[in-house]
Amino acid sequence: MTSKERAQWRAKANSLEPIIQIGKEGISENLISQIDDTLDVRELIKLRVHLETAPKTPKELAQELAEPLDADIIQVIGGIIVLYRKADEERIAEKKEETWCPDG
């Protein structure tokens, strides 16, 4: 991602509210799964890190999240992390097939 593209995403993120929070538990498989699903729907998300209780700095947490999610870190300011991942329709369809159960 170029710096110009990153700046455009930063501008779009200004109006977003953080929709996921990271606290004393840090990063878990459940949290990664939740963020993964949210990125499928929104592409650009903000996360809030509770600085008093989080086990690591926001920059460290952003790095830990970006890799398994295959997401770009748009910015980390204070306790706010902004992540972006282009929606992959094929992957989203595969995930839906895995979780869909015809028997109810």
Side-chain angles (χ1 to χ4, degrees):
M1 177 176 289
T2 68
S3 60
K4 190 173 185 178
E5 289 171 326
R6 194 175 308 280
Q8 290 172 336
W9 285 114
R10 257 196 316 271
K12 288 181 182 179
N14 281 338
S15 63
L16 297 179
E17 290 295 318
I19 56 173
I20 295 176
Q21 300 184 29
I22 302 173
K24 66 182 178 199
E25 301 298 319
I27 297 173
S28 65
E29 286 298 317
N30 189 31
L31 180 70
I32 289 175
S33 176
Q34 182 183 7
I35 295 170
D36 186 50
D37 292 343
T38 305
L39 283 168
D40 284 343
V41 175
R42 299 184 180 220
E43 290 188 324
L44 184 69
I45 63 169
K46 257 187 196 178
L47 301 96
R48 178 177 306 281
V49 177
H50 291 279
L51 299 173
E52 316 78 42
T53 58
K56 296 181 179 179
T57 68
K59 283 190 180 198
E60 291 170 327
L61 292 167
Q63 291 293 334
E64 271 187 51
L65 287 168
E67 199 170 314
L69 293 167
D70 194 26
D72 289 307
I73 300 167
I74 300 302
Q75 77 183 113
V76 180
I77 294 183
I80 301 293
I81 299 170
V82 180
L83 296 178
Y84 167 79
R85 182 179 70 200
K86 182 162 176 50
D88 180 346
E89 297 301 326
E90 260 184 53
R91 200 183 89 250
I92 294 168
E94 285 175 15
K95 279 173 60 175
K96 283 182 181 173
E97 281 182 28
E98 288 173 10
T99 57
W100 185 72
C101 180
D103 298 337

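This chain uses plain numbering: 1 for the first residue, then up along the sequence. Nothing here was measured: the structure is a model prediction, and the numbers come from that model.
- Nearest heavy atoms, L39 versus R85: CB-NH2, 3.5 Å.
- The nearest pair of heavy atoms linking I19 to T38 is CD1-CG2, 3.3 Å.
- Closest heavy-atom contact between G78 and P58: O-CG, 3.2 Å.
- A side chain to side chain contact (heavy atoms under 4.5 Å, CB included) with I35 is found for one member of I32, D37, L31 and no other, namely L31.
- When hydrophobic clusters are built by joining Ile, Leu, Val, Met, Phe, Trp and Tyr residues whose side-chain heavy atoms come closer than 4.5 Å, directly or via intermediates, L65 is not grouped with L44.
- Using a 4.5 Å cut-off between side-chain heavy atoms of Ile, Leu, Val, Met, Phe, Trp and Tyr, with links allowed through other members, I20 and V49 fall into the same hydrophobic cluster.
- Counting only residues at least two apart or in different chains, salt bridge (charged side-chain N to carboxylate O under 4.0 Å, His left out) contacts with residues 3-17 are absent.
- The structure places CG of D70 at 11.5 Å from CG of L83, a figure rounded to the nearest 0.5 Å.
- Taking hydrophobic clusters as Ile, Leu, Val, Met, Phe, Trp and Tyr residues chained together by side-chain heavy-atom distances below 4.5 Å, I73 does not share a cluster with M1.
- With Q75 contributing its side chain and V82 its backbone, the two residues share no donor-acceptor pair below 3.5 Å.
- Nearest heavy-atom pair, L61 versus K56, reported as atom, atom and distance to 0.1 Å: CD1-O, 3.7 Å.
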Query - From CA spacing to verdict: salt bridge (Lys or Arg N to Asp or Glu O under 4.0 Å), D72, K86 - result: CA-CA 9 Å; D72 289 307; K86 182 162 176 50; over 6 Å; no

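- Of all heavy-atom pairs between V76 and A62, the closest is CG2-CB, 3.8 Å.
- Taken from CG in D36 to CD in E29, the straight-line distance is 10.5 Å, to the nearest 0.5 Å.
- Going from atom NZ of K46 over to atom CD1 of I77 covers 8.5 Å, rounded to the nearest 0.5 Å.
- Minimum interatomic distance between R48 and I80 (heavy atoms only, all atoms of both residues): NH1-CD1, 3.7 Å.
- Connection of I45 to Y84 is not established within any shared hydrophobic cluster, with ILVMFWY side chains joined at heavy-atom distances below 4.5 Å, either directly or through further cluster members.
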